[in-house]
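Shown next, in structure tokens, is the structure this report addresses.
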Amino acid sequence: QVQLAESGGGLVQAGRSLRLSCTASGTIFGINNMGWFRQVSGKERALVATISRGGSTNYADSVKGRFTISRDNAKNTVSLQMDSLKPEDTAVYFCYGEVIPGLGHNLRGYWGQGTQVTVSS
């Protein structure tokens, strides 16, 4: 059983920073891409940033230059440093990981339970 657990959400004023972290646990043979997505009520889940096992990153245009994704392969963690936050960044943020859950198993995607980020103006 693989689980992804996020932490670090909360309420913050516009212009301030927050750091989200996510740790994958359970039976893990390897992790490929990891990332963060966000969802506003009534809208589809949208990509925020992804990072490959080798460290290649990809960002949504709306967060480029403000958010930084990083990972620690030894600890199975991925983090999202969010600076210069705006009210429109308010959403539930979900961690995502492409995990091989054991030798001989296929790669599959796993999601965390989500953490609320609220940015006040």
Side-chain angles (χ1 to χ4, degrees):
Q1 188 83 8
V2 174
Q3 292 185 327
L4 272 64
E6 303 104 334
S7 62
L11 172 65
V12 65
Q13 287 186 325
R16 304 298 290 270
S17 299
L18 274 178
R19 184 176 180 87
L20 304 181
S21 295
C22 172
T23 300
S25 62
T27 304
I28 298 173
F29 186 72
I31 303 179
N32 193 10
N33 295 319
M34 302 188 80
W36 291 93
F37 290 71
R38 65 188 181 187
Q39 188 169 22
V40 177
S41 180
K43 295 189 176 181
E44 292 190 355
R45 196 169 297 186
L47 181 145
V48 175
T50 61
I51 184 167
S52 71
R53 183 170 181 81
S56 297
T57 58
N58 180 50
Y59 294 93
D61 287 342
S62 59
V63 306
K64 283 181 181 177
R66 300 188 299 121
F67 291 11
T68 303
I69 190 170
S70 61
R71 66 187 285 175
D72 185 331
N73 291 331
K75 297 181 179 180
N76 292 334
T77 61
V78 61
S79 298
L80 186 69
Q81 177 66 37
M82 305 185 292
D83 299 321
S84 303
L85 282 160
K86 304 176 181 180
E88 50 263 44
D89 294 318
T90 295
V92 178
Y93 283 70
F94 295 89
C95 173
Y96 175 78
E98 297 175 346
V99 180
I100 303 173
L103 183 62
H105 288 249
N106 293 326
L107 190 71
R108 56 171 291 192
Y110 292 85
W111 292 93
Q113 80 286 354
T115 184
Q116 177 71 45
V117 172
T118 303
V119 184
S120 63
S121 57

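Note that the coordinates shown come from a computational prediction; the quantities given were computed from them, not determined experimentally.
Side-chain atoms of I31 and I100, non-hydrogen and from C-beta on, never get closer than 4.5 Å to each other. L18 is listed as a side-chain neighbour of L85, based on a closest heavy-atom distance under 4.5 Å. Using a 4.5 Å heavy-atom threshold, the side chains of E6 and W36 count as touching. For the pair V99/L107, no side-chain contact is recorded, criterion being any heavy-atom separation below 4.5 Å from C-beta on. With contacts defined as side-chain heavy-atom distances shorter than 4.5 Å, the pair F29/P101 does not qualify. R19 is listed as a side-chain neighbour of S70, based on a closest heavy-atom distance under 4.5 Å. Taking 4.5 Å as the limit, some side-chain heavy atom of L47 sits within range of a side-chain heavy atom of N58. Inter-residue side-chain proximity for V117 and M82 is flagged as met; some heavy-atom pair is nearer than 4.5 Å.
Scanning both residues, S121 and A14, for their nearest heavy atoms gives CA-CB, 4.4 Å. Heavy-atom minimum distance, L4 versus C95: CD2-SG, 3.4 Å.
Cluster annotation: V92 is not connected to M34 through the hydrophobic network of ILVMFWY side chains, with a link wherever side-chain heavy atoms come within less than 4.5 Å. Residues V78 and Y96 do not share a hydrophobic cluster, defined by chaining ILVMFWY side chains whose heavy atoms lie under 4.5 Å apart.
Note that the CD atom of Q116 and the OG1 atom of T90 stand 7.0 Å from one another [nearest 0.5 Å]. For the atom pair T23 OG1 and N76 CG, the distance stands at 8.0 Å (nearest 0.5 Å). Note that CD of Q1 is 11.0 Å distant from CD1 of I28, once rounded to the nearest 0.5 Å.
In this structure, W111 and F37 have perpendicular ring planes: the angle between them is above 60°, well past the 30° mark.
A donor-acceptor pair is defined here as one N or O able to donate and one able to accept, closer than 3.5 Å; no such pair exists between the side chain of Y93 and the backbone of L80.
Sorted by first and then second residue, the salt bridge (Lys or Arg N to Asp or Glu O under 4.0 Å) pairs with a member in residues 67-82 form an empty list; sequence neighbours excluded.
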T50/T57 under side chain to side chain contact (heavy atoms under 4.5 Å, CB included): CA gap, chis, key distance, verdict: CA-CA 6 Å; T50 61; T57 58; over 6 Å; no

Residue pair S21, T77: steps toward the side chain to side chain contact (heavy atoms under 4.5 Å, CB included) verdict: CA-CA 7 Å; S21 295; T77 61; over 6 Å; no

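A search for side-chain contact (heavy atoms from CB on, under 4.5 Å) contacts involving R66 returns V63, S84, K86, D89, not counting sequence neighbours.
S52 and N33 share no side-chain donor-acceptor pair at under 3.5 Å.
Both the sub-6.0 Å distance and the 45° axial angle are not jointly satisfied by R38 relative to the ring of F94.
Summarising the local packing, CD of Q39 is surrounded by more than 12 heavy atoms from other residues, nucleotides or ligands at distances under 6.0 Å.
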